[in-house]
Protein chains: 2
Amino acid sequence: MSDRQPSLDEQIAIYQREYRDLDPQVERVVNALSRLDRRMSVAYGRQLATLGLSGAEWEVLKELVMVGSPYQLWPGTIAKRLGLTPAAMTHRIDRMLAAGLVTRERDEENRVRVIIGLTDDGREKWLQVMRQASAFEEYLLQDLSNEERAQLGDLLIRLLDRVSAHLD
Amino acid sequence: MSDRQPSLDEQIAIYQREYRDLDPQVERVVNALSRLDRRMSVAYGRQLATLGLSGAEWEVLKELVMVGSPYQLWPGTIAKRLGLTPAAMTHRIDRMLAAGLVTRERDEENRVRVIIGLTDDGREKWLQVMRQASAFEEYLLQDLSNEERAQLGDLLIRLLDRVSAHLD
DNA sequence: GCTTCGAAGTTTAGAGTTGAAGTCTTCAGC
DNA sequence: GCTGAAGACTTCAACTCTAAACTTCGAAGC
């Protein structure tokens, strides 16, 4: 009963032993994909931790920067984009407010609404993360030629379009 | 302030606007990867829900089936493989026990240990999930030729090896 | 103008996770 | 064989998320 995870090939062999009608080539793609994503998440998580940031905080910073100056969004909008409930958003903002990453004020044009803004500290944190992340991503892909990178991107996007169609 | 997520290309353009030193080709691969994995997780999650199973339960069933007959593991082993703490494992097992998916008994060879076993119901659930999942995965890849599938698998595995090396 | 309905956030209760402390069992040294 | 240390799981408290009830504000109908 080893504690370590079996290698990808071992795992696929095991699946086939337990369930015969399985296309090994399909499994190879799907399982490599999910393992890769999980390990990349671990790597990103460690990087964030060195900057004293949680993954949850990073997600919110990203959305705020991506709307562009003046870096403001309503909580409901962020929640929808991140796939969270409004309640979770309220609590996240509370914590980020305490950490000095964002501001929260009433929208004077429609006082039901609230406006979340990015602080200079938040903007600076975003930049630090981007620097680390892009270095890591470059390292990750350094063995792939330009052609291979393009090819990989194309193939992934074809799958992405298909799964998106499936979800609608 | 649109609620919808920007398209992949839009998103990369935005990143470049906010952070100049970014390789768009690298971003395309990395972002396609994470979007694809997230959406596939949503799709799998919906399938599991139709069988009355949670993602957490599915992970545990998978580990138990993968060790092969007689489908037994120690809690600590499952926890390590899933990247969970022992405490979380205890509670998951509690719930799965109540759902009739697994059994829990003391290991008589070493009474510190506990043995988690798969019930027939658990085994049957696993099979049902596999049938649904493999149909979905085949659908997902149906546009890709055999060569493209092999290529995609190879490229992903090269990235996987690299990120694994990075994490050690 | 008053009422009612809908929209946006917040609050509250419940489920699942983590980290730390606690319990029980085994094993090595004496 | 007794004692202390280490290992495996459980218990407990704190945290984060979801679902649902609640509050506040704005707009439409009469």
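In this structure, CZ of A:Arg113 is placed 11 Å from P of D:dG26, rounded to the nearest angstrom. What separates CZ of A:Arg111 from P of C:dT10 is a distance of 13 Å, to the nearest Å. For the pair B:Glu57 CD and C:dT17 P, the interatomic distance rounds to 10 Å; values are reported in whole Å. Here the P atom of nucleotide D:dC17 and the CE atom of A:Met96 are 11 Å apart, to the nearest Å. In this structure, the NE2 atom of B:His91 is 8 Å from the C1' atom of D:dT10, given to the nearest Å. One can place CD of B:Glu105 at 16 Å from C1' of D:dA8, the figure rounded to the nearest angstrom. Here the C1' atom of nucleotide C:dT25 and the CH2 atom of B:Trp74 are 15 Å apart, to the nearest Å. Regarding A:Ile116, its CD1 atom lies at a distance of 14 Å from the P atom of C:dA8, rounded to whole Å.
Mapping B:Asn110 and A:Arg106 onto DNA chain D by nearest heavy atom places B:Asn110 at the nucleotide closer to the 5' end. Position along DNA chain D of the nearest nucleotide to A:Val112 versus A:Ala56 favours A:Ala56 as the more 5'-ward residue.
A distance of 12.0 Å separates CH2 in B:Trp74 from CD1 in B:Ile116, rounded to the nearest 0.5 Å. With rounding to the nearest 0.5 angstrom, the CG atom of A:Asp154 is 10.5 Å from the CD atom of B:Gln151.
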Report task. Would you sort out whether B:Val129 and B:Lys62 count as a side-chain contact (heavy atoms from CB on, under 4.5 Å), showing the intermediate values? Result -> CA-CA 10 Å; B:Val129 173; B:Lys62 217 168 32 173; over 6 Å; no
Query raised in the report: Would A:Arg35 and A:Glu27 satisfy salt bridge (Lys or Arg N to Asp or Glu O under 4.0 Å), going step by step from the backbone distance to the final call?
Result: CA-CA 12 Å; A:Arg35 284 191 183 209; A:Glu27 286 312 297; over 6 Å; no
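At the phosphate of C:dT17, OP1 or OP2 sits under 4.0 Å from a side-chain N or O atom of B:Arg92. For the OP1/OP2 pair of C:dT10 and a distance below 4.0 Å, the side-chain nitrogens and oxygens of A:Arg104 include at least one atom meeting the criterion. A close approach under 4.0 Å does occur between a side-chain nitrogen or oxygen of A:Arg95 and OP1 or OP2 of D:dT16.
The residue from B:Val26, B:Val29, B:Val163 that alone fulfils the side chain to side chain contact (heavy atoms under 4.5 Å, CB included) condition with A:Leu140 is B:Val163.
If you check every strand for non-hydrogen atoms under 4.0 Å, A:Pro86 touches a base.
Among the nucleotides D:dT11, C:dT10, C:dT17, the one closest to the side chain of A:Val114 is C:dT10.
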